[in-house]
Amino acid sequence: MTGSPPLTWSSSTPAVVGDRGIDAEDLLARVLPAAQELLREAGARRLGAVCVGAAGMATLGDDLRARLPDALADALGVRRLALAADAVTAYAGALGQRPGAVVAAGTGLIALGAVPEGVAEGLGGVSDADDASRTGGVPGTGGASSPDASSSTDATSSADAASGTDATATGGYTHRAATGWRRADGWGHLLGDCGGGAWIGRAGLEAAMRAYDGRDGGSKPLLARLEAVFGPATGLPGKLYPRPDRPAVLASFAPEVGRCATEDPVAEAILRTAARHVAEAAEAVCPRLESSEVALTGGLFRMGAPLLTPVREELAARLPGVRVVEAAGDPLDGALCVAAALDADELRLPRDPALLGVV
């Protein structure tokens, strides 16, 4: 089946989260029958390698790490298993195994930079003295392709249903590691996710409420959109604060900010500030090598020109000479990329206890 499009299955039901994090028994009960049916359709008998990508893998993945290896080996003949944070599958989907930086933005926002194993040597890595003035990452080989169904597959479609962005990963150092991951933001809507959908939506709603009050910084166009979407402005707190999905509700208003930005300077300024946050995150994680690629992925960037134009301007200013490329694929493609590379013993993305573990 090499060269054929991948067979897929999806579920809109979120993964169950319990005392041990993501519930492996619930996940297996749904994924194993689907995987066995896909194997039957592919005419394959077993899977050589699997990549499970899940939001919250670092903090919610204990049960998955404990139970998935034996369960997948028994049911599907899996020999090798990669357990990855959703940011890693987003990275692999966007850039494959090439070094660079990926900003993934939806309700939240996280940036991840990587120097894969074997890349830093001989490719113009810079010294600490040069680190402050140069940026980059060297385009490499690799990328998501449709692997042979007899050797690798992906389990991301079910595990990715867990909500949230993985918030415990290596980060916070000043110099770039020769090989490894670097992460910026993804700390959730109360502590960060700056420039993400919830951030933009909240800023837009604040500007609308300022207009309602008659305060500086208000936007009458955004107030009109608030009332069209949520009803009277005074009723918004009562509708928003009790919701357990407040970040998603805030993010749902981000497209309204995008629609107003062409004619409303307040909305335009919100998106320019969001663009600066996106570029700051990319700059923070971009590997210090001779050249670099930065990819943008996630639903927020489907807003188009109102956000993408200032993002590209900010990236050009902060990372001169760095190519901004289209994401090659999505996190599902990234999980396939990781599984195929693992099966071929060619996985070069850095191992990390919080981001990418291999069993």
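Positions are given from 1, in the same order as the sequence printed here. It should be emphasised that the depicted structure is a prediction, and the values quoted were computed from it without experimental measurement.
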Non-hydrogen side-chain atoms of Leu349 and Leu355 separated by less than 4.5 Å: no
Residues, nucleotides or ligands: over 12 heavy atoms within 6.0 Å of Glu25 CD: no
Rounded distance [0.5 Å steps], CG in Leu64 versus CZ in Arg20: 9.5 Å
Glu346 side chain vs Ala341 backbone, donor-acceptor pair below 3.5 Å: no
Side-chain donor or acceptor of Asp264 paired with backbone N/O of Ala267 under 3.5 Å: yes
Arg302 atom CZ, over 12 foreign heavy atoms within 6.0 Å: no
Contact summary for Ala261 and Leu271, nearest pair of heavy atoms: CB-CD1, 3.7 Å
Contact summary for Leu109 and Ala281, nearest pair of heavy atoms: CD2-CB, 4.2 Å
Any side-chain heavy-atom pair of Leu76 and Gln36 under 4.5 Å: yes
Check against side-chain contact (heavy atoms from CB on, under 4.5 Å), Leu332 and Thr89: CA-CA 7 Å; Leu332 185 61; Thr89 55; over 6 Å; no
ILVMFWY network linking Val257 to Leu236, side-chain heavy atoms under 4.5 angstrom: yes
Under 3.5 Å donor-acceptor, Arg202 side chain and His189 backbone: no
Polar side-chain atom of Asp333 near backbone of Asp330 as donor-acceptor pair, under 3.5 Å: yes
Donor-acceptor under 3.5 Å (Arg246 side chain, Arg243 main chain): yes
Distance, nearest 0.5 Å, that separates CG of Leu342 from CG of Leu81: 8.0 Å
Shortest non-hydrogen contact from Leu296 toward Ala327: O-CB, 3.7 Å
Cluster check Leu27, Leu60: I/L/V/M/F/W/Y, side chain < 4.5 angstrom: yes
Rounded distance [0.5 Å steps], CZ in Arg65 versus CG in Leu83: 7.0 Å
Worked verdict on Glu227 versus Lys220 for salt bridge (charged side-chain N to carboxylate O under 4.0 Å, His left out): CA-CA 11 Å; Glu227 292 176 335; Lys220 290 184 178 179; over 6 Å; no
Plane angle bin for Phe230 and Phe253 - parallel if under 30°, tilted between 30 and 60°, otherwise perpendicular: tilted
Atom of Ala279, atom of Glu314 and distance for their closest heavy-atom approach: CB-CB, 3.5 Å
Heavy-atom pair with the smallest gap, counting every atom of Arg98 and Pro116: C-CG, 4.1 Å
Minimum heavy-atom distance between Val285 and Ala101, given as atom pair plus value: CG2-CB, 3.7 Å
Within-4.5 Å side-chain heavy-atom neighbours: Leu68 and Leu28: yes
Distance, nearest 0.5 Å, that separates CG of Leu315 from CD of Glu283: 9.5 Å
Criterion side-chain contact (heavy atoms from CB on, under 4.5 Å) on Leu226 and Tyr212, from CA distance to verdict: CA-CA 10 Å; Leu226 180 159; Tyr212 180 83; over 6 Å; no
Reference residue Arg80; test side-chain contact (heavy atoms from CB on, under 4.5 Å); the match among Leu47, Val358, Val359: Val358
Co-membership, hydrophobic cluster, residues Leu223 and Val266, 4.5 Å side-chain: no
Hphob cluster co-occupancy, Leu250 + Leu190, side-chain heavy atoms under 4.5 angstrom: no
Within one Ile-Leu-Val-Met-Phe-Trp-Tyr cluster: Val31 and Val16, side-chain cutoff 4.5 Å: no
Rounded distance [0.5 Å steps], CG in Asp185 versus CG in Leu112: 12.5 Å
Residue pair Glu263 / Pro221, side-chain heavy-atom distance below 4.5 Å: no
side-chain contact (heavy atoms from CB on, under 4.5 Å) partner of Trp199, the single match among Asp193, Ile270, Leu300: Ile270
